[in-house]
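Before any comments, here is the structure.
As the structure is a prediction and not an experimental result, all values here were calculated from the model. Every heavy atom of this structure was used, including side-chain atoms; hydrogens, water molecules and symmetry mates were not.
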Amino acid sequence: MAVIAAMDDAQRAERIAGRDGPERSVAGARERGYAVVHNESDIEIAAVGVAVPGALAGLAVAAPAGRATAEAVARWAAAANAAARRIALG
């Protein structure tokens, strides 16, 4: 979701056309600057994902869902965004 959230409006609309529900997830990721999932792709796993600026790529930090407190998610997102910016700079 983080990579889709970072796309321009036309690209994003094309990617999520015909799918139920992703608009809210994408909107939340755009607002926060990162996407968060809890127990969605794997039971007991939480992840924070960010887009790499200027690239169709992303980074994610995953951990046991029980460790994904609001404070931890904020730290992971900040660290992932910093790493994504460094990657974008080359």
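Between atom CH2 of residue Trp76 and atom CZ of residue Arg67 there is a gap of 6.5 Å, rounded to the nearest 0.5 Å. Taking CZ of Arg75 as the start and OG1 of Thr69 as the end, the distance is 6.0 Å to the nearest 0.5 Å.
Shown here for Ala62 and Ile45, the closest heavy-atom pair between the two residues is CB-CG2, 4.3 Å. Across all their heavy atoms, Ala84 and Ala51 have their closest contact at CB-O, 3.5 Å.
Taking the side chain as every heavy atom from C-beta outward, Asn81 and Leu59 never approach each other to under 4.5 Å.
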